[in-house]
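A quick write-up on the structure given underneath.
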Amino acid sequence: MELRKRDYHMERPLLNQEHLEELGHWGSAPRTRQWRTWLQCSRARAHALLLQHLPILVWLPRYPVRDWLLGDLLSGLSVAIMQLPQGLAYALLAGLPPVFGLYSSFYPVFIYFLFGTSRHISVGTFAVMSVMVGSVTESLAPQALNDSTINETARDAARVQVASTLSVLVGLFQVGLGLVHFGFVVTYLSEPLVRGYTTAAAVQVFVSQLKYVFGLHLSSHSGPLSLIYTVLEVCWKLPQSNVGTMVTAAVAGVVLVLVKLLNDKLQQQLPMPIPGELLTLIGATSISYGMSLKHRFEVDVVGNIPTGLVPPVAPNSQLFSKLMGSAFTIALVGFAIAISLGKIFALRHGYRVDSNQELVALGLSNLIGGIFQCFPVSCSMSRSLVQESAGGNSQVAGAVSSLFILLIIVKLGELFHDLPKAVLAAIVIVNLKGMLRQLSDVCSLWKANRADLLIWLVTFMATILLNLDLGLVAAVIFSLLLVVVRTQRPHYSVLGQVPDTDIYRDVAEYSEAKEVPGVKVFRSSATVYFANAEFYSDALKQRCGVDVDLLISQKKKLLKKQEQLKLKQLQKEKKLQKQKKLQKQAASSKDTSVSINVNTSLEDMRSNNVEDCKAMVSPGDKMEDATAGGQEDSKAPDVSTLKALGLPQPDFHSLILDLSALSFVDTVCLKSLKNIFRDFREIEVEVYMAACHSPVVSQLEAGQFFDASVTKKHLFASVHDAVTFALQHPRPVPDSPVSVSQDLWPAKLFFVNLLLVPTLAPAPGSLSLWPWCHP
């Protein structure tokens with residue numbers, strides 16, 4: 001869109017913060033105490049809470065049957081066809097018998113139908129969640145030493161108990177976080193972190209399926225470097241691979257890939273995708289049963305799949321302490337995946353997803369599912385895309401798919417007794433295509449944002465090396481530390497005015513932006529707080545082109561040296577006064593010259609005044625202490641300036657701090673700003689602030705930042721206001737007010753005036769100062 005060239009004219013008074021508050025009638029915004037509404041008890045409040053936590057009561061009465069029902073039925077059937085083989089395969093991934101994958105594809109899906117707010121995500125088994133569960137079950141219920149049926153049965157029972165207890169804990173965490181409105185916690189899992197984590201999890205899933213592809217029996221590995229140990233063991237045992245199992249997995253994988261390619265090519269022509277996984281499942285089961293693959297070629301099969309539903313079982317509370325950390329990690333990962341997909345579909349179709357209610361819905365799905373011996377679930381990207389593309393408009397599609405799975409559990413489950421496990425492994429590996437394609441993020445992030453690339457790589461490597469739970473913790477800690485580091489080292493810039501505008505930009509980036517003569521404008525791209533306040537001050541002094549600390553140090557040294565010379569001069573004057581008193585008594589007044597008479601009379605007056613001052617302060621005090629105290633507290637304006645001291649003056653008289661990037665201030669920031677005012681005033685540069693937001697101004701007031709030396713008149717509405725004011729008030733001649741210590745003058749305040757009078761033979765470079773005391 002092209003901008004038309006029009007003049008932009010505005011006339012308004014120059015505004016500092018004090019004038020702006022008067023003009024706009026500024027007042028602190030009233031605080032909303034939301035907790036009061038939480039504690040209110042009324043019929044309307046109860047009805048609102050019921051609708052909030054049971055969304056089906058809101059959308060189901062308004063469900064457009066004619067428009068949506070057919071699409072939801074077809075979509076639900078398509079998702080169920082995918083859910084069946086994936087449920088069986090992902091149960092093996094979790095280290096459980098395949099039937100528990102079917103349970104996890106029924107109970108949680110139906111619960112989410114009642115409590116969820118997303119209309120398009122498909123809740124159920126997911127590869128990343130399954131491999132996380134598998135790492136826990138294998139560590140707490142490892143593989144039996146021998147392959148006897150009794151040990152396998154006991155191992156499977158122990159793993160089912162671990163997985164169901166883990167699901168209950170995951171559900172409790174998610175429900176609790178959702179009820180306290182803690183859904184924002186997922187914001188700490190950035191998109192590069194989630195994509196790097198899921199990519200590493202896909203690698204973990206791929207490696208975990210190699211034993212089914214090659215027909216190997218591997219040892220159980222858990223903890224850090226377990227993936228490396230598994231890969232090494234697979235390579236070591238490759239000569240022991242089962243050829244029949246490898247051929248079965250290869251054929252199934254090729255068929256699945258070809259069907260997926262065909263679906264992608266004929267996507268517009270087909271009313272629904274070809275159910276390649278279901279067809280592969282049926283064909284492989286038929287071939288395995290007809291050719292007796294288990295007995296002739298020793299191909300591992302699924303085995304007995306019991307029909308019917310299992311009764312609810314209470315979780316094992318003794319496992320809670322062992323599963324607490326893993327449960328919290330799985331709860332966060334599952335919610336992060338679900339809410340990210342849910343928001344994508346909500347944005348695409350124009351509705352809103354409540355993150356806190358999604359947390360509650362997922363939590364109830366896992367909590368109730370765990371009681372019915374399910375393992376933790378989330379939503380699947382591939383099934384969600386199928387549910388949307390097949391015409392799904394609501395979670396009625398999810399209910400239809402769960403009822404289809406129920407039919408399989410009750411009646412048809414035993415038909416898959418001879419299904420080879422290698423086929424399920426092939427289904428899992430082929431479905432990893434989408435997540436493994438995220439490896440291309442490295443190239444795109446290299447061009448777009450190197451910091452996000454660093455988060456992606458650290459997350460990926462930490463998850464590969466440390467396993468899924470510790471890898472996520474390390475990734476979150478690293479990403480938060482990177483945020484702190486990036487705010488510690490923001491972009492600092494000196495601003496210049498764009499010609500004929502009131503806009504100020506970085507002079508290093510805009511060649512036409514020129515610094516205003518006599519004025520420095522400094523800006524930071526990040527807020528100033530305890531972690532970067534010192535860096536802010538250092539960068540400010542560096543960009544100004546003046547060694548402020550060195551200049552202040554030299555000034556203090558010269559002033560101290562000057563005070564010492566004054567004291568020495570006063571001591572000499574005292575001795576001269578005593579000598580001249582003795583000479584006055586012996587000398588004749590007629591023989592003295594006019595100039596000597598003047599000097600003598602002046603000396604008499606000074607001597608008398610000094611003695612009067614001494615008497616008024618304290619009879620016992622020494623003359624030297626009073627005179628030195630008076631000289632130390634009163635400095636002539638032309639003596640304490642940089643120019644008078646022979647020090648170089650800065651080439652600017654005003655410094656403007658652009659604080660538009662500040663979102664908050666802490667006590668360290670307040671002290672840092674105070675020190676900036678003090679230091680630059682020491683080198684005769686006045687400091688102003690500009691473009692502060694109202695919450696920051698309120699925090700400045702609460703921190704008692706404004707006082708007699710720094711008022712709201714030093715804070716301006718914009719940078720241009722501050723520059724205009726600074727140009728109207730160039731470098732003032734410093735006129736330090738006389739400050740007299742109360743310890744030196746307890747009874748009455750005295751002002752000490754300094755009179756420069758030439759002595760008879762002054763020392764080179766010295767000052768002849770004559771004190772006068774005036775009560």
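No experiment lies behind these values; they were computed from the predicted model shown.
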- Task: Could you tell me which non-hydrogen atom of Ser122 sits nearest to which non-hydrogen atom of Val79, and how far apart they are?
- Result: OG-CG1, 3.5 Å
- Message: Is it true that, when you exclude His693 itself, more than 12 heavy atoms of the residues, nucleotides or ligands shown sit nearer than 6.0 Å to its NE2?
- Response: yes
- Item | Which atom of Ile368 lies closest to which atom of Ile111, heavy atoms considered | CD1-CD1, 3.8 Å
- Task: Mark yes or no: Arg119 above the aromatic ring of Tyr351, with NZ or CZ under 6.0 Å from the six-membered ring centre and no more than 45 degrees from the axis.
- Result: yes
- Task: Using a cut-off of 6.0 Å, state whether more than 12 heavy atoms not belonging to Met381 lie near its atom CE.
- Result: no
- Task: Flag this pair as yes if the NZ/CZ of Arg450 is under 6.0 angstrom from the six-membered ring centre of Trp446 and inside a 45 degree cone about the axis; otherwise no.
- Result: yes
- Message: With a 6.0 Å cut-off on the ring centroids, do Tyr103 and Phe100 count as close?
- Response: yes
- Minimum heavy-atom separation for Pro108 to Val377, with atom names? CB-CG2, 3.6 Å
- Note on the structure: side-chain contact (heavy atoms from CB on, under 4.5 Å) test vs Ser208 passes for just one of Leu93, Val428, Leu92, namely Leu93
- With Phe372, which residues qualify under ring-ring contact (aromatic ring centres under 6.0 Å, His included), at least two apart? Tyr107
- Query: Distance from Ser382 atom OG to Glu277 atom CD, nearest 0.5 Å?
  - Reply: 7.0 Å
- Task: Could you tell me which residues satisfy side-chain contact (heavy atoms from CB on, under 4.5 Å) with Asn316, sequence neighbours excluded, listed by chain and number?
- Result: Gln161, Thr165, Gln318, Leu319
- Is it the case that more than 12 heavy atoms not belonging to Arg43 sit under 6.0 Å from its CZ atom? no
- Compare every heavy atom of Asn532 with every heavy atom of Gln488, then report the nearest pair and how far apart it is. CA-CB, 3.7 Å
- Item | Ring center gap for Tyr112 and Phe110 short of 6.0 angstrom | no
- Message: Using side-chain contact (heavy atoms from CB on, under 4.5 Å), reason through Tyr90 and Phe126 one step at a time and then give a plain yes or no.
- Response: CA-CA 7 Å; Tyr90 293 157; Phe126 182 51; 5.5 Å; no
- Query: Given the rule in the side-chain contact (heavy atoms from CB on, under 4.5 Å) test, do Arg62 and Trp59 qualify, once you have shown the distances and angles that lead to the verdict?
  - Reply: CA-CA 5 Å; Arg62 307 172 185 172; Trp59 62 266; 5.9 Å; no
